[in-house]
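Here's the structure we're looking at; comments come further down.
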Amino acid sequence: MNWETRMSSAAARPERCTPEPVSATLAGLHQIRLPVQHYDLATTLTSGQAFRWKLCGESWEGAIDRRWVRLAAAEDSILAETAEPIGNGAWLENYLQNRVDLESILATFPDDGPMRAAVSACFGLRLLRQDPWECLASFILSSTKQIVQIEQIVALLCERFGEPVPVPPGHSPAYSFPTADRLCACAESELRSCKMGFRAAYLKGSAEMIASSVIDLSKLSALEIGEARESLLQLPGVGRKIADCVLLFAYGFPKAFPIDVWVMKALRRLYFRGRRVPLRRLQRFSDEHFGPFAGYAQQYLFHYMRRSEP
DNA sequence: CCCCAGGTCAGAC
DNA sequence: GTCTGACATGGG
């Protein structure tokens, strides 16, 4: 699925005045510079949507599919380095969503106090476009876990069951995220040894349904959001919240609005005077109140809440 | 000892 | 249909 076909508003336009990215090779490292404005790389990579980015000095290291990547934020650009030739960089730009015009998305948010505060607290926060299986599996592992621990579990899972990916000479090894096929070949006890506890059965069960094509993740992008959600809800360990995370972070459905404990706190506190509100009412409120890019607004509220209340 | 973490599920009404 | 407790594990 592509962003353009799904977005109907002004936000479909690419970032204005964006020149073609420049690429180069340097000492076995391949570089590409992506011009972009209003992109807070650190906030984006640590906002609880992806779990594999590590801060190494001034830059961020991780893997996108089977490619090792190092990212560094500059004034009006992101510098990316890879171990292998980058090609045209479409895979990278798709992941980073750097051509999305952030300001036109922010312009669709409701003009109320809470949203103004959230946007000003996390300006430059973006939504990534992740691989569906990695995103799904990661969020199956996320339930009632803190983000630091999710990162730990995912790292263990990749080290043990992922495949080594090419890294720069002398660099420590990096691993791909294990495929569904690989994970259903694991015993549940092997998965548990990655400290995922009761989530092991969910992960294995979901991996089996994906590997046996009971659910075809590559077909969800063609569906309407409700249909795609119903499909994800078939998977063990996947309820409304995790389904919405995948719809938002992997498929880019802009109306997907995952409500976790933090977003619930934010909605209650900022819009319902701190009162207890049934989840389904919050769900309806968020769908009606936050506009065509509600999912983006959700990510701002989530990060705003976490940042203001350590 | 307590409570909580980017929840989901089965079993009770 | 809604509500409750169990589910592993680690941090504060």
Side-chain angles (χ1 to χ4, degrees), chain A residues 43-53 118 121-122 125-128 130 132 134-157 160 186-210 215 229-253 255-270 276-284 286 290 294-310:
Chain A
T43 299
T44 298
L45 298 182
T46 60
S47 66
Q49 44 180 323
F51 303 101
R52 298 231 285 148
W53 293 99
C122 334
L125 172 60
R126 303 287 190 126
L127 289 184
L128 302 166
Q130 302 176 57
E134 174 169 347
C135 185
L136 170 63
S138 300
F139 277 98
I140 286 173
L141 299 175
S142 76
S143 69
T144 51
K145 276 290 181 196
Q146 297 183 113
I147 289 176
V148 191
Q149 298 183 30
I150 302 166
E151 291 168 349
Q152 218 172 76
I153 295 168
V154 169
L156 278 172
L157 194 67
R160 297 198 184 165
C186 292
E188 191 182 311
S189 59
E190 292 183 279
L191 297 179
R192 277 187 184 251
S193 72
C194 297
K195 307 184 174 179
M196 64 184 73
F198 62 85
R199 300 159 197 81
Y202 294 151
L203 181 60
K204 188 166 165 61
S206 286
E208 280 164 359
M209 288 182 69
I210 301 300
I215 304 284
R229 182 183 292 120
E230 286 309 310
S231 201
L232 290 170
L233 289 175
Q234 307 274 88
L235 297 161
V238 179
R240 173 66 187 252
K241 188 269 171 184
I242 290 176
D244 277 356
C245 284
V246 177
L247 293 173
L248 185 62
F249 302 140
Y251 292 99
F253 285 96
K255 286 287 280 180
F257 196 100
I259 299 181
D260 74 316
V261 289
W262 290 98
V263 173
M264 179 154 355
K265 242 189 286 187
L267 292 177
R268 277 186 192 163
R269 186 171 304 175
L270 302 172
R276 258 182 65 92
V277 184
L279 186 56
R280 99 191 146 273
R281 186 161 165 219
L282 289 180
Q283 204 68 252
R284 191 164 52 81
S286 60
F290 292 103
Y296 245 95
Q298 172 277 151
Q299 195 65 6
Y300 274 82
L301 289 173
F302 174 74
H303 203 255
Y304 172 50
M305 208 61 189
R306 267 172 36 89
R307 192 173 263 187
S308 63
E309 202 183 303

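Letters go in sequence order (proteins before strands), and every chain restarts at 1. Since the structure is predicted, the reported quantities are computational estimates derived from the model, not experimental observations.
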Length of the CD-C1' vector between Gln149(A) and dG10(C), whole Å: 4 Å

Touch class at under 4.0 angstrom, heavy-atom based, for Val148(A) against every strand present: nothing

Touch class at under 4.0 angstrom, heavy-atom based, for Gly48(A) against every strand present: base

Whole angstrom value for the distance that separates P of dG6(B) from CG of Leu125(A): 16 Å

Selection from dG6(B), dA8(C), dT2(C) that lies nearest to any side-chain heavy atom of Arg199(A): dA8(C)

Within the 6.0 Å centroid threshold, strictly below: Tyr296(A) and Phe290(A): no

Base of dG12(C) paired with side chain of Gln146(A) (donor-acceptor, under 3.5 Å): no

Distance in angstrom units between Leu233(A) CG and dT8(B) P, rounded: 9 Å

P-based separation of dC4(B) from dG5(C) [nearest Å]: 14 Å

Nearest-Å distance once atom P is located in both dG10(C) and dC9(B): 24 Å

No-H, no-angle donor-acceptor pair, Lys145(A) side chain to dT9(C) base, under 3.5 Å: yes

Touch class at under 4.0 angstrom, heavy-atom based, for Ser206(A) against every strand present: nothing

Rounded distance in Å between the P positions of dA6(C) and dC3(B): 13 Å

Polar pair under 3.5 Å, donor/acceptor by atom type, side chain Gln298(A), base dG6(B): yes

Atom P, compared across dT8(B) and dG11(C): separation rounded to whole Å: 24 Å

5'-most by nearest nucleotide on DNA chain C - Arg192(A) or Pro278(A): Pro278(A)

Atom pair distance, as rounded to whole Å: CG in Leu141(A) and P in dT8(B): 13 Å

Arg280(A) side chain near dG1(C) phosphate (N/O to OP1/OP2, under 4.0 Å): no

Heavy-atom side-chain contact between Ser143(A) and Phe198(A) under 4.5 Å: yes

For atom CH2 of Trp262(A) and atom C1' of dC4(B), their distance in whole Å: 10 Å

Spacing between Glu151(A) atom CD and dG11(C) atom C1', to the nearest angstrom: 14 Å

Atom pair distance, as rounded to whole Å: CZ in Arg276(A) and C1' in dT4(C): 12 Å

Identified side-chain hydrogen bond (donor to acceptor under 3.5 Å, both in side chains) partner of Ser47(A) from the options His303(A), Gln299(A), Arg126(A): Gln299(A)

Sugar-phosphate, base or nothing in reach of Thr144(A), heavy atoms under 4.0 Å: base

Length of the CD-P vector between Gln152(A) and dA8(C), whole Å: 19 Å

Aromatic ring of Phe198(A) stacked on base six-ring of dA6(C), 5.5 Å, 30°: no

Position toward the 5' end of DNA chain B (nearest nucleotide), Leu235(A) or Phe302(A): Phe302(A)

Stepwise side chain to side chain contact (heavy atoms under 4.5 Å, CB included) test for Ile140(A) and Leu235(A): CA-CA 10 Å; Ile140(A) 286 173; Leu235(A) 297 161; 5.6 Å; no

Separation of Tyr251(A) OH from Arg229(A) CZ (nearest 0.5 Å): 13.5 Å

Sugar-phosphate only, base, or nothing, as touched by Phe51(A) at under 4.0 Å among non-hydrogen atoms: nothing

Glu134(A) and Arg52(A): CA distance, side-chain angles, deciding distance, salt bridge (Lys or Arg N to Asp or Glu O under 4.0 Å) verdict: CA-CA 10 Å; Glu134(A) 174 169 347; Arg52(A) 298 231 285 148; 3.3 Å; yes

Touch class at under 4.0 angstrom, heavy-atom based, for Lys241(A) against every strand present: base

